[in-house]
Amino acid sequence: MSRQILVTSALPYANGPIHIGHLVEYIQTDIWVRFQQLRGNQCIYICADDTHGTAIMIRARKEGRSEEELIEAMSHQHQRDFHRFGINFDHYGSTNSEANRKICGEFWDALRKADLITERSIEQLYDPDAETFLADRFVRGTCPKCGRTDQAGDNCTCGHTYNPTDLIDPTSTLSGATPVLREAAHLFVQLDKLHDWLVDWVNTSDALQSEVANYLKGHFLAERLRDWDISRPAPYFGFEIPDSPGNYWYVWFDAPIGYIASTQQWCDGHGERLDHWWKNEDCEVHHFIGKDITYFHTLFWPGMLKTAGYSLPTKVHIHGFLNVDGKKMSKRDGTLISADTYLKYANPSYLRYFYATKLTPRVEDLDLGVEEFAEKVNSDLVGKVVNLASRVGKFAHGTGLSENYPDDGGLFEAAADAGDEIAKAYEACDYSRAMRRIMELADAANPFVEHAKPWEMKKDPARQDELRDVCTVALNLFRQLAIYLAPVLPDLTTQCSELLGEEIVSWDQSRTPLLGTPVAKFKRMLDRLQTEELQKMIEESKELAAEDADANAGPTFNDSDQPLKDEPLADEITIDDFAKVDLRVARVIKAEHVPDANKLLKLTLGLGGDEQRQVFAGIKAAYEPEALVGRLVVMVANLKPRKMRFGLSEGMVTAAGPGNADVFILGVDDGALPGQRVH
RNA sequence: GGGGCUGUAGCUCAGUUGGUUAGAGCUGGGGACUCAUAAUCCCUAGGUCGCGGGUUCAAGUCCUGCCAGCCCUACCA
């Protein structure tokens, strides 16, 4: 019984190129789709570019072209990259389509009718120069809690989160202007009205991986769901809300609806009805997404679908992120490798196979170790699989395959039997397991050839039939591997087809051996992967990142390395060591010259209240006493008092610089109070 | 602070509902072969299953405490 299946991957944002991190998802999805098709199911793969939002608007402005031009160019680039990695969409659309606008309107009406929309006014930072409201990431400023400067709009490296409106000295990254608070009406979806239904859905549907269901239950569903801010005031690149002029749907509203709109476009081109795919109990809907967008796809999206009367996802397949050599991908390390760069140095099949060996049904990050990558590709694909065809191909060319399947000690049958288990693993997205099983089969196949010694038969004219039998076995075992690997390695499957003159279209071909047909001249199928190529790939990515950084050149810093050379970094200490030093903010209450002293000033520091310390500081050459009075400084407050020629010094004022006139007292940002400890 | 996940040979991982001497691939060491892309084949080495308790005739497998790592945290779960 053939299944009807609709599959989507998350829509890539039209703001940058595809990189190997994105490809985890598209490869994962593509493998699943190809598997379903090979099994004889009707399965279509739908995707689109996600094109709306402030980021696109800003980028288009910067590049001096329209948003439409930008997203058009980006879409071409994305599709080209996907195509070159063998990712085979049935339709690749755009969220900036009339189909999407129309269906967004339909969802909107349904939400209104269900009384889920509410309106209230919120204050947001507005850039008066760029004339736009500022999303969090377009604002930088000083952290209100720790005082670090140049922090992001919603959180600081110190770990605190806050509103961009809480930032001290906020700056717009678009224009450098100081944003102002401005009020605007926003529309909200009151998701909590669907709370009970969502709890029920999470508990009873099989759509979610267990850890995801746990996460949702423990995390969001345990309390009231917050309203979701779904609109943005003009200017905004997106769809204007029909019954709320001047307001636009937030990009996250129209992006998932893009799945449906893109399906609509596919239907239009194939004489199909949308309802047959999206409002049909017999049609499965599978979403593949990354863990970062879990919330949208497992709570909001089902809520919206339910409200608008569309099918709920049969399954939301959530994967983790890609690390490279155990670390997050980073431009600086050259590990954020674009699809384009990758293709200059390596075969896409390598990556497809490697990801397959790493992917499981769990929401786990996967690691691409450069060494491991090359080892797996070389020893599994080249050494085991391709080698099987390569070592007998020459013998079989000309003689073709035997008429009857020879005795192979049960190898073919065992491999045929393994098909169900491998299929089950694919179905469950447990590609890692599938690859392991397939490689076990390859491991069993090579010794067969080894023990049969076809190269000896070749030399003996009386043993030509035997030779043909050995080749028939080896090539049929290879063919089984090619079929099982077809979802992962479509190119290899094509090569197998060409070698044996038989198109591979069905999983079940693995059950019956191919017999009595000619064998084409063997052509090399896959080269070994050299780690040097991977190193070059990383080097090039580094260079590209550097160029990119230059192009975006904000302020450039060109600090000398002399200070570090003069005074190298000290030995590492623990936090406990550091905690022994009690640094305090202090106010300079009095500052006076010391008669007879060459370098010293006598300072009276206040730690708040009546608490005062007398400190002698060697800063006479650098500071006038009058200029210091009233200032806040940082002092070492628990330093053992020391008797000096001119009196007792009860602490130390912190300062940088080599000495004499080049001394710079540490200050603190506004807001600090005398007596506060420095952590 | 809270939550989710993980911790098995040098590396990447399997270990089904608890049941005989804990497995595979890669790497390492030794040997063979030459058909094959310095491929392949045979043999071999190597593990206190993170740590401590507990349940059981029996625990890598269940319970509990601790430790470590990774990830998440939509205006603080």
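The basis for the numbers below is simple: all heavy atoms, side chains too, and nothing from hydrogens, waters or symmetry mates.
Rounded to the nearest Å, the gap between the P atom of B:U16 and that of B:C62 is 9 Å.
Classification of A:D227 and A:R224 as a salt-bridged pair holds, one side-chain N sitting under 4.0 Å from a carboxylate O. Salt-bridge check for A:E440 with A:R436: failed, with every basic side-chain N at 4.0 Å or more from each acidic carboxylate O.
Across the strands present, B:G7 finds its partner in B:C67; the criterion is a Watson-Crick or G-U wobble pair with both atom distances under 3.5 angstrom. In this structure B:U48 sits in no base pair that meets the Watson-Crick or G-U test at under 3.5 Å. In this structure B:G1 sits in a base pair with B:U73, meeting the Watson-Crick or G-U test at under 3.5 Å.
To the nearest angstrom, C1' of B:A32 lies 9 Å from CD of A:E450. Between the NZ atom of A:K458 and the P atom of B:C33 there is a distance of 22 Å, given to the nearest Å. A:F448 places its CZ atom 18 Å from the C1' atom of B:C42, with the value rounded to the nearest Å. A straight line from CZ of A:F373 to C1' of B:U27 spans 19 Å, rounded to a whole angstrom. Taking atom NZ of A:K384 as the reference point, atom P of B:A24 lies 13 Å away to the nearest angstrom. For A:R436 and B:C13, the CZ to P distance is 10 Å, given to the nearest whole Å. Atom pair A:Y431:OH and B:A14:P shows a separation of 17 Å (rounding to whole Å applied). Atom CZ of A:R120 and atom P of B:C75 are 13 Å apart (whole Å).
Residue A:R433 places at least one side-chain N or O under 4.0 Å from the OP1 or OP2 atom of B:G15.
Where A:V449 and A:E372 meet RNA chain B, the nucleotide closest to each residue was compared, and A:E372 sits on the side nearer the 5' end.
Cation-pi contact between A:R232 and A:F133: absent, since separation from the ring centre below 6.0 Å together with deviation from the ring axis within 45° is not met.
Residue contacts shown for A:R362 are limited to sugar-phosphate atoms, with no base heavy atom under 4.0 Å away. Heavy atoms of A:V212 sit nowhere under 4.0 angstrom from any nucleic acid atom. Counting any heavy atom pair closer than 4.0 Å across all strands shown, A:F220 reaches a base atom. As judged by a 4.0 angstrom heavy-atom cut-off over every strand, A:V392 is placed among residues making no nucleic acid contact. Across all strands, A:K376 comes closer than 4.0 Å only to sugar-phosphate atoms, never to a base (heavy-atom distances).
Aromatic ring centres of A:H52 and A:W249: separated by at least 6.0 Å.
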